[in-house]
Amino acid sequence: MKVVIVGGVAGGATAAARIRRLDERAEIIVFERSGYISYANCGLPYYIGGVITDRSALTLQTPDSFYQRFRVAMKVHHEVLAIHPEHKTVLVKNLETGETFEERYDKLLLSPGAKPTRPRLPGVGLDRVFTLRTVEDTLRLREYITQHQPKSAMLAGGGFISLEVAENLRKLGMDVTIVQRPRQLMNPFDRDMASFLHSEMRKHGVQLALGHTVEGFEETANGISVLRKDAPPLEADMVILAIGVTPDTHLARDAGLALGVKGSILVNDRMETSVPDIYAMSDAVQVKHFVSGEDTLLSLAGPANKQGRIAADNICGGSGSYKGSQGSSILQVFDLTAAATGLNETRAKAAGFTVDKVILSPMSHAGYYPGGRLMIMKVVFEAATWWLLGAQIIGYEGVDKRIDVLATAIRAGMSALELQNLDLAYAPPYSSAKDPVNMAGYIIDNLASGVVKQWYLEEADSLPRDGSVTLLDTRTEDEYAQGHIDGFVNIPVDELRERLSEIEPEKPVYVICQSGLRSYIASRILSGNGFDCYNFAGGYRFYETAKNDLCLVECASACGKNSD
């Protein structure tokens with residue numbers, strides 16, 4: 001059997017190695033148009049910032065080392081120009097010599113990945129406008145920074161690459177601004193959770209121009225002018241486009257393969273395309289979202305590696321199947337760690353779910369053990385069935401552990417109610433006897449059993465201030481004096497039983513505290529005394545961060561400034 005693979009890096013190299021392990025006699029050829037067959041794509045921003053200092057550390061395998069280990073012919077600087085399914089051949093160009101030739105295959109695996117989205121805007125091809133996707137992009141960008149010592153950079157886009165590059169450029173001492181059309185960074189997160197990321201970026205000097213549409217770029221005597229719709233231009237020494245990626249599927253389209261979302265390659269769960277003996281994988285293919293079942297695109301290394309293994313198994317006569325992607329991801333944002341899995345609230349609602357959520361602020365480990373830090377967790381579930389839909393966590397240590405537990409729970413089809421029963425490891429340096437994931441389950445169980453009712457951030461401005469309801473802040477007097485929601489009166493939770501006479505029993509009571517715990521205790525006191533009460537989901541810290549950020553972004557967008 002002769003297998004031709006188009007594209008190396010994570011997916012293609014994984015598939016090639018798996019095929020060899022399953023079939024020692026197969027002839028395997030990989031054509032890669034760049035000069036690198038397997039490199040640490042996710043590490044590229046850290047090389048630019050000098051965190052990774054050794055250029056060779058980015059290269060996981062070379063053509064020679066791969067051949068020595070697996071006897072796979074890795075043809076770098078070879079671009080596949082066309083696929084001829086009727087003849088089972090591909091047309092290949094040697095980019096070093098200019099030679100073109102036909103290569104026959106029995107099985108063809110497409111792993112072309114995706115390319116940086118380059119909008120059709122004036123000036124997008126200027127020398128000081130960069131993209132970051134390949135090792136070559138990285139080397140070009142680092143060489144420019146080393147030679148020209150730019151003082152400022154503009155990043156167009158607010159996803160993973162943009163935030164990672166922003167951090168690394170700040171560590172080089174550059175002034176950094178992120179500009180993009182959406183009014184939040186990081187779409188895997190809901191707007192309220194993204195506010196914590198915005199705050200961290202501003203804290204470290206990154207300026208945010210959110211809600212601004214880039215209309216083009218102009219070269220000036222001193223750098224680049226970023227033109228914005230209905231706002232003054234922004235000036236920088238260089239621009240990096242990080243507005244997303246587009247499936248690189250022109251070969252598949254020209255060969256008549258069926259296409260899906262945004263021109264991606266349509267595959268079944270065996271990674272087979274619409275044409276016999278042609279498989280496809282990685283960032284170029286349409287997948288099913290594991291939670292919603294919707295057709296989608298997810299450009300993440302984990303799914304690419306899994307798809308490569310499944311495609312290889314099936315090429316070798318196996319029966320592997322890809323069960324869908326749920327978008328589990330994690331990101332370092334200066335001192336913070338941000339992670340998400342499954343559907344966020346916004347996407348869950350768009351997919352037609354009736355959504356509820358809990359928001360809590362647990363410690364990373366036992367409070368009495370030194371060094372514990374708060375994290376903010378948002379767990380999303382279907383209101384009627386308690387089906388676990390997704391989670392987002394932002395904090396410091398321990399975020400990765402909890403998001404992986406929740407990702408596993410979603411993959412296992414667990415109910416949100418079952419989170420309370422998970423038997424998780426505990427020792428004071430690592431967790432609490434009631435792990436944060438268990439705590440989320442306890443809160444959800446309280447909702448299900450009617451022990452507590454919630455009110456939410458989106459209701460804060462519409463709560464009546466006419467005396468028809470009681471708005472109660474149960475923090476200490478000092479906490480209340482440092483900031484509170486207009487219209488809320490202060491009765492500390494430890495004084496509540498003695499001051500119940502100050503609350504009119506026939507009126508609903510909306511309760512808040514700093515994190516949600518004291519207000520929960522207050523809600524139980526009130527409920528036990530016949531009051532109809534509602535506990536705020538998230539606490540005042542969550543409210544203050546989200547509301548202040550929203551004000552900054554909206555005010556800046558309205559006046560054409562940055563929300564710094």
Side-chain angles (χ1 to χ4, degrees), residues 152-160 162-167 169-170 174-214 226 228-236 242-243 331-338 340 344-346 359 361 374-376 378 392-395 456-463 479 482-488 512 514-515 536-564:
S152 60
M154 193 75 55
L155 301 177
F160 289 95
S162 182
L163 269 64
E164 290 168 348
V165 171
E167 177 177 348
L169 294 183
R170 281 297 295 151
M174 296 174 63
D175 293 331
V176 178
T177 301
I178 295 176
V179 57
Q180 69 162 5
R181 184 182 305 163
R183 296 192 175 190
Q184 73 163 82
L185 303 174
M186 293 299 296
N187 285 334
F189 295 85
D190 287 313
R191 178 68 181 78
D192 49 14
M193 294 293 286
S195 64
F196 289 87
L197 303 180
H198 299 171
S199 178
E200 185 74 2
M201 298 296 278
R202 296 189 190 101
K203 173 184 170 183
H204 287 87
V206 176
Q207 299 185 65
L208 304 180
L210 306 178
H212 292 267
T213 301
V214 175
V226 181
R228 297 183 293 171
K229 183 178 181 180
D230 301 325
L234 298 170
E235 305 296 330
I243 57 178
L331 176 72
Q332 177 181 305
V333 183
F334 292 99
D335 296 329
L336 282 180
T337 298
N344 62 27
E345 181 182 4
T346 305
I359 301 165
S361 299
L374 283 174
M375 62 180 73
I376 186 84
K378 182 174 185 177
Q392 303 153 65
I393 311 177
I394 296 176
Y456 306 99
L457 176 68
E458 53 268 28
E459 300 176 72
D461 293 338
S462 61
L463 287 176
E479 288 174 310
Q482 291 173 17
H484 58 271
I485 305 175
D486 290 343
F488 276 71
I512 194 171
Q514 191 71 6
S515 69
F536 180 69
Y540 184 77
R541 173 175 170 264
F542 174 78
Y543 168 88
E544 183 180 41
T545 301
K547 295 296 284 189
N548 286 349
D549 177 70
L550 185 63
C551 180
L552 282 171
V553 172
E554 290 189 344
C555 291
S557 180
C559 63
K561 296 181 179 179
N562 303 334
S563 58
D564 54 359

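No hydrogens, no waters, no symmetry mates; every other heavy atom, side chains included, goes into these values. The structure presented is a predicted model; accordingly, all values stated were derived computationally and were not measured.
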Once rounded to the nearest 0.5 Å, what's the spacing between atom [atom1] of [X] and atom [atom2] of [Y]?
X: Leu155; Y: Leu163; atom1: CG; atom2: CG; result: 9.0 Å
X: Tyr540; Y: Glu479; atom1: OH; atom2: CD; result: 10.5 Å
X: Ile376; Y: Ile393; atom1: CD1; atom2: CD1; result: 10.5 Å
X: Leu208; Y: Arg183; atom1: CG; atom2: CZ; result: 13.5 Å
X: Leu374; Y: Arg541; atom1: CG; atom2: CZ; result: 5.5 Å
X: Glu200; Y: Ile394; atom1: CD; atom2: CD1; result: 10.0 Å

Note, [X] side chain near [Y] side chain (heavy atom, < 4.5 Å):
X: Thr337; Y: Met375; value: no
X: Asp549; Y: Arg202; value: yes
X: Leu331; Y: Glu164; value: yes
X: Leu336; Y: Lys203; value: no

**OP:** Scan side-chain atoms only and decide if Glu167 and Gln332 contain a donor-acceptor pair under the 3.5 Å cut-off.
**Re:**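 Yes, side-chain donor-acceptor contact under 3.5 Å.
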**OP:** Show the numbers, then the answer: is there a side chain to side chain contact (heavy atoms under 4.5 Å, CB included) between Phe334 and Val206?
**Re:** CA-CA 11 Å; Phe334 292 99; Val206 176; 3.9 Å; yes
Could you pull out the closest heavy-atom pair between [X] and [Y], with the gap in Å?
X: Gly157; Y: Gln180; value: C-OE1, 3.6 Å
X: Gln392; Y: Glu345; value: NE2-N, 4.2 Å
X: Met201; Y: Ala166; value: CE-CB, 3.8 Å
X: Leu185; Y: His198; value: N-NE2, 3.0 Å
X: Ser195; Y: Ala546; value: OG-CA, 3.5 Å
X: Asn344; Y: Asn187; value: ND2-O, 3.0 Å

Original post:
Got a sec: does the CZ of Arg170 have more than 12 other heavy atoms crowding it under 6.0 Å?
Top reply: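 Counting other residues, nucleotides and ligands, CZ of Arg170 exceeds 12 neighbours.
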Original post:
Quick check: are there more than 12 heavy atoms from other residues, nucleotides or ligands sitting under 6.0 Å from CG of Asp335?
Top reply: yes
**OP:** Using side-chain contact (heavy atoms from CB on, under 4.5 Å) as the criterion, point out the one residue from Leu457, Asp192, Asn548 that pairs with Tyr543.
**Re:**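 Filter result, single survivor: Leu457.
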Original post:
Taking only residues two or more places apart in sequence or in another chain, which ones pass ring pair (Phe, Tyr, Trp, His ring centres under 6.0 Å) with Phe196?
Top reply: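 Scan of Phe196 (ring pair (Phe, Tyr, Trp, His ring centres under 6.0 Å), adjacent residues dropped) gives none.
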Subject >> Contacts of Phe160 that satisfy ring pair (Phe, Tyr, Trp, His ring centres under 6.0 Å) - sequence neighbours left out >> reply: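 Ring pair (Phe, Tyr, Trp, His ring centres under 6.0 Å) list for Phe160, sorted by chain: empty.
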Original post:
Mind checking what makes salt bridge (Lys or Arg N to Asp or Glu O under 4.0 Å) contact with Lys229, not counting sequence neighbours?
Top reply: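 Lys229: no salt bridge (Lys or Arg N to Asp or Glu O under 4.0 Å) contacts found.
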Original post:
With no hydrogens and no angle check, is any side-chain donor or acceptor of Ser462 less than 3.5 Å from a backbone partner on Glu459?
Top reply: yes
**OP:** Could you walk me through whether Met186 and Val333 pass side chain to side chain contact (heavy atoms under 4.5 Å, CB included), step by step?
**Re:** CA-CA 11 Å; Met186 293 299 296; Val333 183; over 6 Å; no
Original post:
Would Asp190 and Lys378 count as a side chain to side chain contact (heavy atoms under 4.5 Å, CB included) if you check the C-alpha gap in whole Å, the side-chain angles of each, and the deciding distance to 0.1 Å?
Top reply: CA-CA 9 Å; Asp190 287 313; Lys378 182 174 185 177; 3.0 Å; yes
